[in-house]
Amino acid sequence: MSDLTAALEEGSTPGLVCAHHHLYSALARGMPPPPHIPADFRDVLEMVWWRLDRALDLEMIEWSAKLAALEALEAGCTAIIDHHESPNAIDGSLTVIADACAEVGVRVNTCYGITDRNGPDGARRGLAENDRFLAAGGRGMVGIHAAFTCSDDSLAAAAELAENHGVGVHVHVAEGVDDAEAVSRLEELSRDNWLLVHGVHLPDDHGLRGTIVHNPRSNMNNAVGYARPSRFSNRVALGTDGIGADMLEEFRVAFVAARAVDVTASPDTAWSWLKQGWDLFPEARGDRVTWSYKPIDPWHLAYTPTVRAIDVETDGDYVVRGGVATRVDADEVRAKAREQAERLFAALR
Ligand SMILES: [Zn+2]
């Protein structure tokens, strides 16, 4: 029996990885309603997320990241691949996020999602923030919001910057029908180290290179359709798209979403997507999470919705002990995040 198999039998795993998160979205819950109920995915972006991201300042970003990082650790997720946007607080934002995660004890790979939807200067400043952060030794990628909000020049500039830094591009691809042209716009640019997030409306044999990141709960929440990730020849990983970082929960949702269209679907497939996170964030393999249930087995977990992380160790240190975060005061983080959420909501009214 391998070490990993023995650990799973005894109810422990390496740290789980969230392959696509938006740490800035942790304050959004309970936000004031938009002027009308969004009727489609484009409406959701314009009336919820693009309203919210324009109102963010660095202090809100800091506490949003701390709250999201705390909730990740409490769910046994020790490594997050983050995609950030804050059009009116770009400069320095990635360092704020990296520092917030370090304080809580979570590993993070972040990037700034460039876009031309706020004018060409916005894309330029977004690129500059990616460049600044990576040049200073930050752990990250180069972010693109999505092809449908970027010019061809911006897409090419982001791909070139990533190449220069030896990292991949982290980009939303064909999440909604608005982005169906992503394939033709990205096919010459994509590389094996890219993260292609969602891929709901990609053709089966799309030809893009990179890892597809499946976010089943978010896709249901936005009614964009089921991505059917099993159809792709690309590697597939699991993300949450900003709805927390409870990766066992996301695994269960991934399984039941597959099962909803195919009763023969096995949880082993969704489990393989979760495990793919360790190739994207190898340090998490050295982290250790002790769970409230054993064995850690896909068929058990698929039907056991209450499994909790008891202890979490990174670099030989407990960052969660007995279900409680050790490096920060969880009550204080929640209270400060609540204050910042009130500031954010006031800016939206
Ligand atoms: Zn996303």
Side-chain angles (χ1 to χ4, degrees), residues 17-29 31 38 40-54 56 61 64-65 68-69 71-72 77 79-87 93-94 97 108-115 117 126 130 140-150 155 158 168-179 182 186 194-202 208 210-227 229 236-247 249-250 253-254 257 273 276-277 280-281:
V17 177
C18 178
H20 178 69
H21 201 333
H22 298 284
L23 294 169
Y24 73 79
S25 75
L27 303 183
R29 52 191 88 157
M31 70 186 272
D40 57 24
F41 176 56
R42 178 86 195 195
D43 248 6
V44 170
L45 291 176
E46 287 181 359
M47 293 204 307
V48 178
W49 297 112
W50 296 349
R51 249 171 89 226
L52 182 116
D53 70 16
R54 280 193 287 267
L56 291 168
I61 294 165
S64 188
E71 291 178 344
C77 171
I80 292 168
I81 303 180
D82 175 56
H83 189 281
H84 179 65
E85 291 183 53
S86 51
S93 57
L94 298 184
I97 289 169
V108 70
N109 171 316
T110 186
C111 68
Y112 192 89
I114 69 155
T115 179
R117 70 183 153 90
N130 283 302
M141 300 177 75
V142 172
I144 298 174
H145 168 251
F148 77 99
T149 68
C150 285
L155 297 179
V169 164
H170 184 173
V171 54
H172 297 105
V173 177
E175 178 174 5
V177 286
D178 309 76
D179 198 32
L186 296 174
W194 282 35
L195 289 184
L196 312 170
V197 181
H198 295 289
V200 178
H201 297 278
L202 282 177
L208 295 181
T211 300
I212 302 266
V213 185
H214 181 43
N215 303 267
R217 181 191 292 269
S218 168
N219 291 344
M220 290 181 196
N221 185 57
N222 289 327
V224 290
Y226 180 49
V236 176
L238 269 190
T240 60
D241 203 20
I243 311 179
D246 184 337
M247 299 313 297
E249 172 74 358
E250 200 70 28
V253 175
W273 300 336
Q276 192 62 49
L280 299 173
F281 222 132

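In each ligand, atom 1 is the first atom listed, and ligand 1 is the first ligand listed. Hydrogens, waters and symmetry mates are skipped; everything else that's a heavy atom, side chains included, is used.
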In sequence, state the C-alpha distance, the side-chain angles, and the governing distance for Asp179 and His198, and then conclude on side chain to side chain contact (heavy atoms under 4.5 Å, CB included). CA-CA 11 Å; Asp179 198 32; His198 295 289; over 6 Å; no

Please walk me through it: do His172 and His20 pass side-chain hydrogen bond (donor to acceptor under 3.5 Å, both in side chains)? CA-CA 10 Å; His172 297 105; His20 178 69; 3.2 Å; yes

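Taking the charged nitrogens against the carboxylate oxygens, Asp246 and Arg217 have no contact shorter than 4.0 Å, which rules out a salt bridge.
At least one N, O or S atom of His22 sits under 2.8 Å from the Zn ion (ligand 1). Distances from the Zn ion (ligand 1) show that His172 has an N/O/S atom below 2.8 Å.
When distances from the Zn ion (ligand 1) to the N, O or S atoms of Asp241 are compared, OD1 comes out shortest. His20 has its closest N, O or S atom to the Zn ion (ligand 1) at the position named NE2.
Here the straight-line distance linking atom CG of Asn109 with atom SG of Cys18 works out to 11.5 Å at 0.5 Å rounding.
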